[in-house]
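Note that the structure is predicted; figures quoted are calculated from it, not measured.
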Amino acid sequence: MALTAWSHPGRIRSEAAYATLAGTAPIPVASGRTDRHRLNRGGDRTLNSALHTIALTRRRIHPETRDYITRRRAEGRTTREITRCLKRYIARQLYRTITTHHRTP
């Protein structure tokens with residue numbers, strides 16, 4: 001799914017654009033003295049669903065991800081905030097992997 005959304009070299013100019021396409025780019029939300037971010041509801045919903053499945057699987061079985069979740073929870077983050085950050089991280093990894101393996105000569 002990630003490769004289908006990416007389509008071809010040159011379509012997506014940066015990892016931030018890929019995150020926006022995936023719907024994982026953070027949107028700032030401010031309420032009074034609270035500044036936080038939420039997930040973008042737009043973008044390719046199928047790609048977002050694939051990232052969500054990857055995030056859920058990594059939460060369960062990936063030791064580094066479990067350590068990351070423990071650290072973030074100690075910082076006072078909610079489960080939704082942790083999932084948002086994790087999905088953004090996964091989107092960044094996918095973009096880097098796709099662009100390094102599909103360079104045009």
Side-chain angles (χ1 to χ4, degrees):
M1 182 63 230
L3 199 55
T4 304
W6 182 69
S7 182
H8 61 279
R11 176 173 183 233
I12 300 171
R13 65 192 178 285
S14 66
E15 67 184 38
Y18 187 74
T20 301
L21 174 69
T24 59
I27 297 175
V29 177
S31 175
R33 294 183 181 182
T34 304
D35 289 328
R36 58 187 180 85
H37 295 86
R38 69 173 177 82
L39 275 179
N40 183 352
R41 300 285 182 214
D44 187 341
R45 301 314 301 156
T46 308
L47 177 56
N48 190 290
S49 177
L51 292 176
H52 187 74
T53 302
I54 293 167
L56 290 179
T57 304
R58 285 179 64 163
R59 287 181 95 127
R60 260 189 347 212
I61 61 173
H62 192 244
E64 289 84 8
T65 302
R66 295 176 89 174
D67 293 341
Y68 173 78
I69 291 169
T70 304
R71 273 195 325 271
R72 295 298 259 187
R73 192 155 283 134
E75 293 173 2
R77 302 281 185 185
T78 65
T79 303
R80 292 179 85 175
E81 290 173 327
I82 294 168
T83 303
R84 178 193 59 78
C85 294
L86 188 56
K87 286 169 74 171
R88 170 65 179 182
Y89 180 75
I90 293 167
R92 187 178 300 124
Q93 283 182 322
L94 282 173
Y95 177 79
R96 289 177 183 166
T97 301
I98 290 170
T99 56
T100 57
H101 292 302
H102 288 88
R103 294 206 182 239
T104 55

Run Ile98 and Tyr18 through side chain to side chain contact (heavy atoms under 4.5 Å, CB included) and show every step you take. CA-CA 11 Å; Ile98 290 170; Tyr18 187 74; 4.1 Å; yes
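Of the options Arg72, Arg71, Arg66, Glu64, a side chain to side chain donor-acceptor pair (under 3.5 Å) to Tyr68 is made by Arg72 and by none of the others.
Residue Glu81 holds its CD atom at 7.0 Å from SG of Cys85, rounded to the nearest 0.5 Å. Between atom OH of residue Tyr89 and atom OG1 of residue Thr65 there is a gap of 8.0 Å, rounded to the nearest 0.5 Å. The distance from the CG atom of Leu51 to the CZ atom of Arg88 is 11.0 Å, given to the nearest 0.5 Å. Ile54 CD1 to Leu86 CG: the interatomic distance, rounded to the nearest 0.5 Å, is 10.0 Å. One distance of note links NE2 of His52 with OG1 of Thr24; it measures 13.0 Å at 0.5 Å rounding. To the nearest 0.5 Å, the span separating OG1 on Thr97 from CD1 on Ile90 amounts to 11.5 Å.
For Thr20, the side chain to side chain contact (heavy atoms under 4.5 Å, CB included) partners at least two apart in sequence or on another chain are Ala25, Asn40. In this structure, Thr70 has no side chain to side chain contact (heavy atoms under 4.5 Å, CB included) partners at least two apart in sequence or on a different chain. Under the side chain to side chain contact (heavy atoms under 4.5 Å, CB included) criterion, Arg73 pairs with Arg59, Ile69, Thr79, Ile82, sequence neighbours left out.
At distances below 3.5 Å, at least one donor-acceptor pair connects side-chain atoms of Thr57 with backbone N or O atoms of Thr53.
In this structure, Leu47 and Ala22 approach most closely via the heavy-atom pair CD2-CB, 3.5 Å.
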